[in-house]
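As a basis for the values below, the full set of heavy atoms in this structure was taken, side chains included, without hydrogen atoms, waters or symmetry mates.
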Amino acid sequence: MKTETGAAQPVLILAIETSCDETSVAVVKDGSEVLSNIISSQIETHRAFGGVVPEVASRKHVEVITLVIEEALATAGVTPDQLSAVAVTQGPGLVGALLVGVVAAKSLALAWGKPLIGTHHIAGHIYANRLVAELQYPCMTLVVSGGHTELVHMEREGEFLIIGRTRDDAVGEAYDKVARALGFPYPGGPHVDRLARGATEVVPLPRVWLEPGSYDFSFSGLKSAVLNVVNQSKMKGLTPDVAGIARGFQESVVEVLVEKAVRAVKATSSKQLLLCGGVAANAGLRSALISRCEAEGIELIIPPPVYCTDNAAMIGAAAYVKWQHDGGTPLDMVADPGFSLEQWSVSAY
């Protein structure tokens, strides 16, 4: 859209993210400039339960969603009539949590007369990278989060092809389960990361490579190996070397993630490697990827931690891509906890 002077009018998208335990609303300009990104976290609430309780998460979203929307608009200095569209995470995620965001977005789109853009949560994580750098295609993405561990190849903008995925636990789930075995509270990933980086000794643990040439991942066996080490120490009347175990676990995870990601970049002649998802905030993984990519001459993009964990700014960035190619989504769209990333690819090709 252009103004009366002929200048292009910016695309302002109000984005809503409620897929799990963060209620977030953002205003994003032209898919890359964040005008506001308000996040209301539920970590303290769920810590008492040792993990996310879906019903509790849904109720918390209901309690704060209106306030977060109002704060996002006020912080951005934007009024509803200035918006181009309303975007929302359609899936995947917890169905009750998704429904809160979807109903709120539909209501706003209808009340304000704005298009609705149903957005894929993992596409949001991927396009969080566009908030910090211009993406070049083809590129490879390593998605590492509590619910997903995938290698996603993007031949063109908005086109996704999953070439590798976890066959059991996602890496974030593995971190939380190992942390629990070592005596740390939820969320456990930051505790394991910090302990691993400070350890002077290492307890060797296996690397799970699967079949030769496979880009898939598996972490349940590694988690079981950690439990065996802990239980054997206790059976012998010894105190488990918690720091050494944490370091051994992290080194195993990081080596496999880095090796497969670099191999995928080379095999697909990708111009960039993108890292995204909550575990992208892991300092050990970030450091290892940076060192390896520098040695291999691979351009690596990693968003700052605020754009790694669930947030609405990333949803606004991905929604902009969909908006440019496919326009809006019908108002009868539904929350979809099993939403396919590949099916969400833009239809311009």
Side-chain angles (χ1 to χ4, degrees), residues 120 122-145 148-172 174-175 193 196 205-219 221-222 249-304 307-308 314 317-318 321 340-342 344-346 349:
H120 196 283
I122 298 303
H125 275 305
I126 292 171
Y127 273 95
N129 287 277
R130 192 170 183 267
L131 299 174
V132 296
E134 194 65 36
L135 304 190
Q136 298 180 37
Y137 303 94
C139 60
M140 181 63 59
T141 302
L142 174 60
V143 180
V144 282
S145 72
H148 298 266
T149 303
E150 296 160 345
L151 280 167
V152 182
H153 183 236
M154 299 172 64
E155 186 67 29
R156 291 174 283 266
E157 180 179 77
E159 185 179 68
F160 308 96
L161 176 64
I162 299 174
I163 67 168
R165 67 181 78 210
T166 182
R167 298 182 183 179
D168 38 63
D169 290 344
V171 66
Y175 265 95
D193 181 29
L205 289 167
R207 275 67 169 155
V208 182
W209 298 105
L210 301 175
E211 305 85 6
S214 173
Y215 292 115
D216 282 353
F217 303 96
S218 174
F219 299 106
L222 177 59
F249 169 76
Q250 178 144 300
E251 287 185 357
S252 176
V253 168
V254 168
E255 182 179 340
V256 173
L257 289 174
V258 170
E259 180 61 34
K260 293 203 173 190
V262 169
R263 180 155 50 87
V265 168
K266 293 180 178 179
T268 56
S269 300
S270 293
K271 296 179 180 178
Q272 295 171 326
L273 174 61
L274 319 180
L275 180 65
C276 68
V279 183
N282 180 287
L285 175 59
R286 292 166 80 100
S287 176
L289 264 180
I290 290 170
S291 297
R292 181 64 183 278
C293 286
E294 285 180 350
E296 298 283 353
I298 296 171
E299 182 181 356
L300 174 67
I301 302 175
I302 308 177
Y307 296 141
C308 292
M314 69 182 196
V321 174
S340 165
L341 175 62
E342 290 168 317
W344 192 79
S345 294
V346 300
Y349 311 110

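Of the residues V171, D216, V279, D169, the one that meets the side chain to side chain contact (heavy atoms under 4.5 Å, CB included) test with T149 is V171.
One N or O on the side chain of H120 and one on the backbone of L341 form a donor-acceptor pair closer than 3.5 Å. Counting only distance, with no hydrogens or angles, the side chain of R263 and the backbone of S214 share a donor-acceptor pair below 3.5 Å. Not a single donor-acceptor pair under 3.5 Å links the side chain of S287 to the backbone N or O of A283.
Closest approach of V254 to A288, counting heavy atoms only: CG1-CB, 3.3 Å. When all heavy atoms are compared, the tightest approach of L210 to S218 is CD2-CB, 4.1 Å. Between A318 and W344, the shortest heavy-atom distance links the atoms O-CH2, 3.5 Å. The two residues A280 and V144 make their nearest non-hydrogen contact at N-CG2, 3.7 Å. Across all non-hydrogen atoms, the minimal contact from L273 to C293 is CD2-SG, 3.9 Å. Taking each heavy atom of A264 and L151 in turn, the nearest pair found is CB-CD1, 4.1 Å.
Applying the side-chain hydrogen bond (donor to acceptor under 3.5 Å, both in side chains) test to K266 and every residue at least two apart in sequence or in another chain returns E296.
For the atom pair L222 CG and S252 OG, the distance stands at 4.0 Å (nearest 0.5 Å). Taking CG from L161 and OG from S345, the interatomic distance works out to 8.5 Å, rounded to the nearest 0.5 Å. Rounding to the nearest 0.5 Å gives a distance of 9.0 Å between CD of E299 and CG of L274. Atom NZ of residue K260 and atom CD1 of residue I163 lie 10.5 Å apart, to the nearest 0.5 angstrom. With rounding to the nearest 0.5 angstrom, the NE2 atom of H125 is 10.5 Å from the CD atom of E150. Separating the CG atom in D193 from the CZ atom in R286 is a distance of 10.5 Å, to the nearest 0.5 Å.
Residues I162 and E342 are in side-chain contact: their nearest non-hydrogen atoms beyond the backbone lie under 4.5 Å apart. A heavy-atom distance below 4.5 Å is not found between the side chains of R165 and H148. With contacts defined as side-chain heavy-atom distances shorter than 4.5 Å, the pair W209/V256 qualifies. Between I290 and I302, the closest side-chain pair of non-hydrogen atoms falls below 4.5 Å. No side-chain heavy atom of F160 sits under 4.5 Å from any side-chain heavy atom of I122. Residues V346 and E159 are not in side-chain contact: their nearest non-hydrogen atoms beyond the backbone lie 4.5 Å or more apart.
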Full working for side chain to side chain donor-acceptor pair (under 3.5 Å) between N129 and Q272: CA-CA 11 Å; N129 287 277; Q272 295 171 326; over 6 Å; no
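Using cut-offs of 30° and 60° for the angle between ring planes, the Y175 and F249 rings count as perpendicular.
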Do any side-chain atoms of residues 131-141 form donor-acceptor pairs under 3.5 angstrom with protein atoms, and if so which ones, sequence neighbours left out?
unit_1: Y137; atom_1: OH; unit_2: Y127; atom_2: OH; d: 2.9

